[in-house]
Visitor: 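Structure provided below as structure tokens; questions to follow.
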Amino acid sequence: MGFETLREKLQSRQGAHFDVGLVERAYEFAAAAHAGQIRKSGEAFMTHPLAVAARLAEWRSDAPTIAAALLHDVAEDTPYTKKDIEKEFGSEVAFLVGALTKLKRIRYADSPARGTAERTENLRRMVLAFAEDIRVVLIKLFDRLSNLETIRFLDPASQARIARETLEIYAPLSNRLGMGELRGQLEDLAFPIAHPVEWTALQELVAEPLEDRRRYVERLIPEVQNLLTSEGLAPRDIHARAKHWYSLWRKLERLGGNLGEVYDLVAVRIITGSVESCYAALGAIHGRWPPLPGRIKDYIALPKSNGYRSLHTTVVGAEGKVTEFQIRTAEMHEEAENGIAAHWAYSEEAADAARKRGVRALARTRDLAWIRQLREWHENFQDAGEFLESLKLDFFRDRIFVFTPKGEVIDLPEGATPVDFAYHIHSDIGDQATGAKVNGKMVALDTPLANGDIVEILTQKNKKPSRQWLEFVKTSIARGHIRAALKR
Ligand code: MN
């Protein structure tokens, strides 16, 4: 893409609140600095910062953010320094570029041989950079999305590192910001690289049921439309929503691989004009199809911690098929997809005022408790271990991270056991496991692991896995290998 595309996206914003000139000068500067540089994909280097800037423009970010996006690789990859950028564009843009340059030098998941202490320290430094200004996170997230789109041109080791970092850091971050759509995109690009075997298995498992479900929901939508219209409700939109691949895989892991229990493989989404009509639509749906007990979730009255609001219900729908409905207003929908950035889209002036009061105020308007928490962390945590622990509790709630004796981090679902851990290291280690030590103490093989545990697996040659293991393992990797070994 060229600069014209970006300029078009900014046309409507020229005015007192938006300095298009700043963006134009940043483009000229970056284009000259990167002149002649080629990406591994064969494209001119500037296509990358332009893509990042264009996405931020679509999200109606402010001019310094878009300028910083254009300049974000200058201090790292060209002879120019942060000082040059400060002289040319002032301290705000230079600060953003400087934070992004710092982030680029921190390699969270570089090499398994690196120690836990170093990894923890790197993660801590990343979070500090994020916590300084929410705009640093936004630029970094779109930088990562752009890099993932051309990741196939990198060497396998870099691909693996980037994919893993995405799943462990950037996707949870976008989720915490309420940016559900971006999170889905990041995860689905990283998933086939980080877990190729599981990805292929999932495609095979789901391809047919997914197609069935799509067709079913397409048949159902006109019926829902008629029902709501006959009740005097005029929905803004009704559409089918297929679950993202990575989140589907994680859900299947939690459910022990039972696809029949995934009721939202393709959900029906109803967008209404008001909160009242959300509840009225819910009532109409329940009047027509019986709801499953215990599956009605009112995230409007009780929003999720990342601000997500919606009504969810699961009903025995037409043709006896169990179906999930998600009901929300247009505003809630915008927020669920775009999170914190949705507020810039709503009111440029309100956002501008919020920025003048500082990013802190913006965070407060969204009531994103974790952003405040992030800010307070670096003041309150001297101890790196304690810091990592509390970070993991909040960020990675559904996952646990445990360590090999060499300090490699293994990412497992909550409730995973030493047997899951063993199979994640290698299928032979799983098959031949006879016992486990957690933090130096012998434990039973079905003991649930906890965040930060150091796990050592004891093995014996020619040993076979036990059928009983199938009753407690939590990962599809372990389950698959155990079944295969038992068959042999
Ligand atoms: Mn970049």
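None of these values were measured; they are calculated from a predicted model. Start at 1 and go down the list; that is how both ligands and their atoms are numbered.
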Visitor: Give a yes or no answer on whether the side chain of T101 reaches the backbone of V97 with a donor-acceptor pair at less than 3.5 Å.
Guide: yes
Visitor: Kindly give the heavy-atom pair with the smallest separation between I85 and A94, and that separation in Å.
Guide: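 Between these two residues, the closest heavy atoms are CG2-CA, 4.0 Å.
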Visitor: How many protein atoms of type N/O/S are positioned less than 2.8 Å from the Mn ion (ligand 1)?
Guide: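 Excluding waters, the total comes to 4.
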Visitor: Check this for me, if you would: do K104 and D73 make a salt bridge, where the nitrogen-to-carboxylate-oxygen distance has to be below 4.0 angstrom?
Guide: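 Yes, charged N to carboxylate O under 4.0 Å.
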Visitor: Would you say T272 and R236 make side-chain contact, with heavy atoms under 4.5 Å?
Guide: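 In short, these two side chains do not touch, never coming nearer than 4.5 Å.
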Visitor: Is R269 salt-bridged to D237, cutoff N-O under 4.0 Å?
Guide: no
Visitor: Under a 4.0 Å threshold between the charged nitrogen and the carboxylate oxygen, would R135 count as salt-bridged to D62?
Guide: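 Salt bridge present between D62 and R135.
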